Amino acid sequence: MKKNIAVIILAAGRGERMRSAKPKVLHPVCGRPMLAYVLDLTRALKIKNQVIVLGHKHEQVRKIIPSGIKISIQKKLLGTADAVKTALRQLRNFKGTILILYGDIPLLKKEAIGKLLKYHVDNNLDATLLTAQLDKPSGYGRILRDRYASISGIAEEKDADDFQKDIKEINTGIICFNKERLIAALNKVRPNNRKKEYYLTDTIGILYKNNYLVDGVRIADINEALGINSRQDLAKANRIMQQRINEELMKKGVGIVDPDSAFISFGTQIGEDTTIYPFTVIESNVKIGKSCSIGPFAHLREGTRLGNEVVAGNFLEIVRSSISSKTFAKHFCYLGDSRIGKSVNIGAGTVTANFDANKKSSTVIKDGACIGSDTILVAPVKVGRRAITGAGSVLAKKDVGDGEIVVGVPARPLTKKR
Ligand code: UD1
Ligand code: CA
């Protein structure tokens with residue numbers, strides 16, 4: 001545990017450029033709020049003192065904040081410098097290094113932060129910036145350097161002149177400060193800029209002018225620095241995070257035929273030798289066993305549990321359902337709120353009619369059953385072990401016994417048993 005480091009996460013902003021009713025930091029990246037990744041990062045860094053600044057729709061955002069993190073409410077969104085001031089009220093007795101993280105920078109890895117902290121502490125600096133060199137720096141604050149190449153300030157995009165706009169070295173937003181120097185500099189920040197806001201980034205020029213030591217550490221992987229301000233940025237973050245998720249899964253023995261068209265949520269558990277075919281969407285809270293075959297064009301939604309050697313083939317949707325080993329659902333169907341046993345064959349076009357326009361009900365299909373093509377299972381309904389439903393049958397809330405064979409609309413038992 002790092003004792004003399006405290007972290008402040010800024011997440012109060014409105015996120016206007018998203019044009020959304022949802023607070024920006026709650027927009028999902030691969031199935032979970034972008035802020036959750038920042039919270040993972042602070043957990044991984046094992047920093048005990050943590051304060052998060054919330055403001056816009058804080059009632060919604062605070063639901064995902066773990067109890068160990070202090071919450072500061074910024075009442076008026078006066079800018080990033082004001083947000084940091086708000087947080088510092090919760091760190092009155094703390095002495096040491098303050099690490100600033102932003103709630104809208106979800107792709108950072110702990111190694112980059114570790115390196116920044118080490119450089120800051122080892123060199124006894126007053127402020128250390130995490131910077132990045134970008135081909136297209138627009139949107140970010142530009143790093144200004146003096147004639148000795150020392151960092152002398154930051155120019156925000158909106159206030160930058162044409163020469164400053166050509167600078168490709170940018171401020172990622174992640175900064176380490178010596179706390180006392182930070183407080184002194186914050187008190188000098190004025191809202192003399194286009195946005196009429198108190199910019200945290202102005203502290204850098206202030207420290208430089210007062211001969212304090214400011215330096216920067218360049219991030220190796222520029223993808224990590226991506227700040228999300230718009231829907232376009234969000235799409236980009238999704239793509240990068242998806243690549244990371246898919247690579248991790250492949251390392252664990254999951255086959256992904258086309259990683260560019262496998263949309264798998266963060267945290268999805270998938271067993272070895274399972275193959276994901278193209279255009280598959282797997283939402284959060286899904287578990288898949290070993291040696292399964294998923295897709296192409298499959299949509300597995302929350303609460304899907306698949307055993308081993310399950311086939312969930314083309315054009316199907318599964319939600320809140322568990323399917324045991326060796327069960328096949330190879331062609332277009334909808335399985336919702338269902339519990340399906342082992343070695344069941346689900347014919348093409350099978351639909352669980354789980355919703356009666358009022359409430360949802362469940363379907364149970366026991367081991368070895370054979371569901372004929374185009375069967376409609378109007379829930380609640382149970383199909384017994386090794387039972388058979390004929391093609392096109394409609395089970396209107398009427399259970400089918402073990403070994404029984406039913407056909408027709410509504411389905412009626414045949415005298416013959418299996
Ligand atoms: C900021 C930096 C910019 C940097 C970029 C990196 C400033 C002034 N600019 O710009 O140099 O290149 O991030 O992505 O810091 N927030 C609050 N309270 C406020 C305003 C903002 O908590 O009053 C929070 C936001 O929720 C967000 C973060 O601070 O998480 C950054 O704010 P944002 O408006 O996104 O700043 P950028 O324009 O991206
Ligand atoms: Ca931002």
Side-chain angles (χ1 to χ4, degrees), residues 7-18 20 22-27 33-35 37-39 41 51-58 60-62 65 71-88 100-108 127 129-134 136-144 151 153-160 164-165 167-175 177 182 185-186 189-206 216 219 222-234 236-237:
V7 56
I8 295 176
I9 306 168
L10 304 188
R14 244 185 305 270
E16 262 164 48
R17 291 162 278 185
M18 296 293 286
S20 169
K22 195 203 286 273
K24 176 166 75 175
V25 292
L26 294 185
H27 276 265
M34 66 173 91
L35 180 59
Y37 295 93
V38 182
L39 299 172
L41 181 68
V51 182
I52 185 162
V53 186
L54 304 182
H56 178 65
K57 299 198 175 169
H58 60 89
Q60 280 179 46
V61 183
R62 69 194 314 147
I65 312 292
I71 297 175
S72 268
I73 303 294
Q74 187 189 13
K75 294 212 178 75
K76 281 192 190 152
L77 303 177
L78 300 176
T80 44
D82 179 70
V84 171
K85 265 189 163 176
T86 310
L88 284 169
I100 309 287
L101 298 177
Y102 287 12
D104 66 351
I105 307 185
L107 302 178
L108 271 173
L129 305 164
L130 188 66
T131 69
Q133 189 76 18
L134 303 184
K136 290 182 189 152
S138 74
Y140 293 94
R142 310 294 206 282
I143 304 289
L144 308 178
I151 294 176
I154 297 173
E156 287 304 313
E157 166 101 6
K158 282 209 166 135
D159 307 293
Q164 290 169 335
K165 277 189 187 145
I167 297 172
K168 299 209 154 128
E169 189 184 17
I170 61 101
N171 168 36
T172 63
I174 313 303
I175 314 181
F177 286 101
L182 170 64
L186 281 173
V189 172
R190 296 288 171 268
N192 301 327
N193 50 55
R194 289 278 296 277
K195 281 173 91 181
K196 303 269 176 291
E197 282 187 0
Y198 293 83
Y199 287 162
L200 177 64
T201 43
D202 283 352
T203 59
I204 299 303
I206 293 168
I219 198 163
I222 55 167
N223 283 338
E224 287 185 43
L226 180 67
I228 298 178
N229 295 322
S230 64
R231 302 275 181 174
Q232 290 91 325
D233 296 332
L234 184 66
K236 207 168 158 191

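Note that the structure is predicted; figures quoted are calculated from it, not measured. Indexing begins at 1, ligand by ligand and atom by atom, following the structure's order. What you see below is based on every heavy atom in this structure, not just the backbone, and it leaves out hydrogens, waters and symmetry mates.
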Does [X] come within less than 4.0 Å of ligand 1, judged by its heavy atoms?
X	answer
Ile170	no
Gly103	yes
Thr172	yes
His56	no

Which atoms of ligand 1 sit under 4.0 Å from any heavy atom of [X]?
X	result
Gln74	17 (C), 18 (N), 19 (C), 22 (O), 23 (O)
Asn229	35 (O), 39 (O)
Lys24	35 (O)

4.5 Å side-chain heavy-atom contact, [X] and [Y]:
X	Y	answer
Ile204	Ile143	no
Leu182	Leu88	yes
Phe177	Val84	no

Seminar exercise, completed: If you scan protein heavy atoms around atom 24 (C) of ligand 1, the nearest is Leu10 CB, 3.7 Å
Exercise. For atom 12 (O) of ligand 1, what is the nearest protein heavy atom, given as residue, atom name and distance?
Worked result: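 Checked against all protein heavy atoms, atom 12 (O) of ligand 1 sits closest to Asn171 O, 2.6 Å.
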Which option wins on minimum heavy-atom distance to [atom]: [options]?
atom	options	answer
atom 20 (C) of ligand 1	Gly15, Gly79, Pro23	Gly79
atom 36 (O) of ligand 1	Glu197, Glu16, Arg14, Arg17	Arg17
atom 10 (O) of ligand 1	Glu157, Met34, Glu156	Glu156

Is [X] close to ligand 1, meaning an N/O of one under 3.5 Å from an N/O of the other?
X	answer
Ala83	no
Lys195	no
Ala12	yes
Thr80	yes
Gly13	yes
Tyr102	yes

Problem set entry | the Ca ion (ligand 2) to Asp104: nearest N/O/S atom name | OD2
Exercise. Any N/O/S atom, backbone or side chain, of Tyr102 lying under 3.0 Å from the Ca ion (ligand 2)?
Worked result: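 Of the N, O and S atoms in Tyr102, none lies under 3.0 Å from the Ca ion (ligand 2), which means no.
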Problem set entry | Atom CZ of Arg231 with >12 non-hydrogen neighbours under 6.0 angstrom |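 Yes, because the 6.0 Å sphere around CZ of Arg231 holds more than 12 heavy atoms from other groups.
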Exercise. Looking just at side-chain N and O atoms, do Lys24 and Asn229 make a donor-acceptor pair shorter than 3.5 Å?
Worked result: yes
